[in-house]
Amino acid sequence: MNRTLILLALLASPVFAAAPDGADLYNKYCQSCHGADRLGGMGPALLPESLVRLKRPAAVKAITEGLPATQMPGYAEVMNKDEIAALAAWIYTPPTTPPKWEMADMKASQIIHKEAQNLPAKPVFKADPTNITLVVEHGDHSMTVLDGDVMEPIHRFQTRYALHGGPKFTQDGRFVFWATRDGWITKFDLWNLKVVAEIRAGLNTRNVAVSSDGKQVLVANYLPHNLVRLSTDDLSPQQIIPVLGHNGKTSRVSSVYDARPRQSFVAALKDIPEVWEIPYAGPNAFQPRKVVLKDYLDDFYFDQTYRYLLGASRSSPKGQVVDLDTGTKTAELDLPGMPHVGSGITFDYQGRRVMASPNLQDGEVTVIGLDDFKTIKHIKTLGPGFFLRSHENTPYAWADVFSGPEKDAMHVIDKRTLEIVSTLRPVPGKTSTHVEYDRYGKYALVSIWEHDGALIVYDAQSLKEIKRLPMKRPVGKYNVWNKTRLSEGTSH
Ligand code: HEC
């Protein structure tokens, strides 16, 4: 650019024109639904952390035209293009002071549903309660309760906006807990099909874990930078654990899991090279043990003993194996690209325990030996994948192709040969993803990830389609038995 052009550009820039003010427009038109300080209200929070999945042009479109079949109105008649652009820019701008969410805010948000207290410990339905599958539908923010024996819905209800991370069950399968993107935690009584309690435990939340003794819920937050412990009784807040690293930096929490054999929670941190273990029994209960690492570990997989964490590594192409007992890195993991280890599975192959992981960047499923952490095979697929799933009772593992032109493909891999034996295209042109099984490994359920999508039920043995259930963008499925019995074919 020459000088004249720079000058012209400056004159045309909002610095010189009376630029529309995003903050003012927000307070005038949006605050009533999206809340003071953009923290959310009847509508979702509009902070940069909340909008990571929404591209800026899509936000402009939503503000201009509204969102069909929701309460979100369109503003094409009210504001001009510049005003809408200023507003869109504003919602992607971090607040000048980081928003706070403290004990008092949590307590004030808690809702205890009276009609759902002290109900009988007996299912109100005939279906086998251990073979229920929950289907999370993002399209219209609902949840379907499926009878896993016959694959028929027995209940469907509205959830809060945008569930994030998987629902977690108590060991008996009666209660289930989940988080929303905006930090709302729900306790649901699956036997009585009722919401028991709700609380807002954060402003931007990743997931929850439930302790194996059924007493604690731990919430992993991006905003504020903390973990929050709730009682499983009525979700009353017990403790805020601020996440401050050895280097003086605070961090977002990527995820938290229950490590049953260790009687502890383990949390992955996004911004500091540490892993935190928070015991829920013993003399050090609820005091985080901070394992300092040389590299970040924000996505990991436990080995079957829960002693080793297998994780991706940000700075080197190799993954890392962390020994939780000694708190040290014990091996490098031979996983290229960007493995999605959190979605890996384990099984026996030629007398050895192996782990298979999809890859978010390369079209391959990588199989490594869990004894020496060396690669046994790179199984080439038609594109990057997100989920890999199997079940003890089936010789097959299903791997999706999550992005690229082949996103409608679903590979079936034979665990005995590590070969792809079939590639299905459930609905040509539509994203098919996330397989989950029923309790017995008899059916494989595939999601068609579209607003007017479906759940396709396959016979897991013959790979023949059995039926299609229409669903609104079914993002995830969770079988009570497989999730509470730590099935080797799924994540927990
Ligand atoms: C009458 C209530 C209401 C008002 C007023 C309102 N919104 Fe919304 N907005 C909603 C609801 C409800 C949703 C969620 C819709 C859904 O279920 O997908 C939403 C969604 C959005 C989304 C998409 C969020 C996401 O995560 O995908 C954006 C962006 C948005 N609103 C911006 C605005 C802006 C900017 C204004 C002011 C000009 C505004 N809204 C005014 C209720 C409202």
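In listed order, ligands and their atoms are each counted from 1. Scope of the values below: all heavy atoms of this structure, side chains included, with no hydrogens, waters or symmetry mates. Numbers for residues simply follow the sequence, beginning at 1.
- Close contacts of ligand 1 with Leu87, meaning ligand atoms under 4.0 Å from a residue heavy atom, involve 35 (C), 38 (C).
- A ring-centre distance under 6.0 Å is found for Phe386 and His340.
- Residues passing the salt bridge (Lys or Arg N to Asp or Glu O under 4.0 Å) test with Arg156, sequence neighbours excluded: Glu137, Asp140.
- Ion pairing between Arg439 and Asp128 holds under the 4.0 Å rule for side-chain N and carboxylate O.
- Looking from atom 26 (O) of ligand 1 to the surrounding protein, the closest heavy atom is Arg181 NH1, 2.8 Å.
- At a 4.0 Å cut-off, at least one heavy atom of His141 sits close enough to ligand 1 to count as contact.
- For the side-chain contact (heavy atoms from CB on, under 4.5 Å) criterion with Arg160, the lone passing option out of Asp182, Ile185, Val195, Thr180 is Thr180.
- Protein heavy atom nearest atom 41 (C) of ligand 1, with residue, atom name and distance: Tyr75 OH, 3.2 Å.
- Within the protein, the N, O or S atoms lying under 2.8 Å from atom 8 (Fe) of ligand 1 are His34 NE2, Met72 SD.
- Atom 24 (C) of ligand 1 has as its closest protein heavy atom Tyr161 OH, 3.8 Å.
- Using bins of under 30°, 30° to 60° and over 60° for the plane-to-plane angle, the ring pair His141/His138 lands in the tilted bin.
- Close approach of ligand 1 to Thr70 (heavy-atom distance below 4.0 Å) involves ligand atoms 15 (C), 16 (C), 17 (O), 18 (O).
- Taken from CD in Glu277 to CG in Leu309, the straight-line distance is 8.5 Å, to the nearest 0.5 Å.
- Contacts classified as salt bridge (charged side-chain N to carboxylate O under 4.0 Å, His left out) and involving residues 424-437 (residues at least two apart or in different chains) are given here: Arg389-Glu436, Glu406-Arg425, Asp408-Arg425, Glu436-Lys483.
- A salt bridge (charged side-chain N to carboxylate O under 4.0 Å, His left out) check over residues 142-152, counting only residues at least two apart or in different chains, returns the pairs Glu152-Lys467.
- Using a 4.0 Å cut-off between a side-chain N of Lys or Arg and a carboxylate O of Asp or Glu, Lys194 and Asp189 do not qualify as a salt bridge.
- Remark: ligand 1 atoms within the under-4.0 Å shell around heavy atoms of Met79 are 38 (C).
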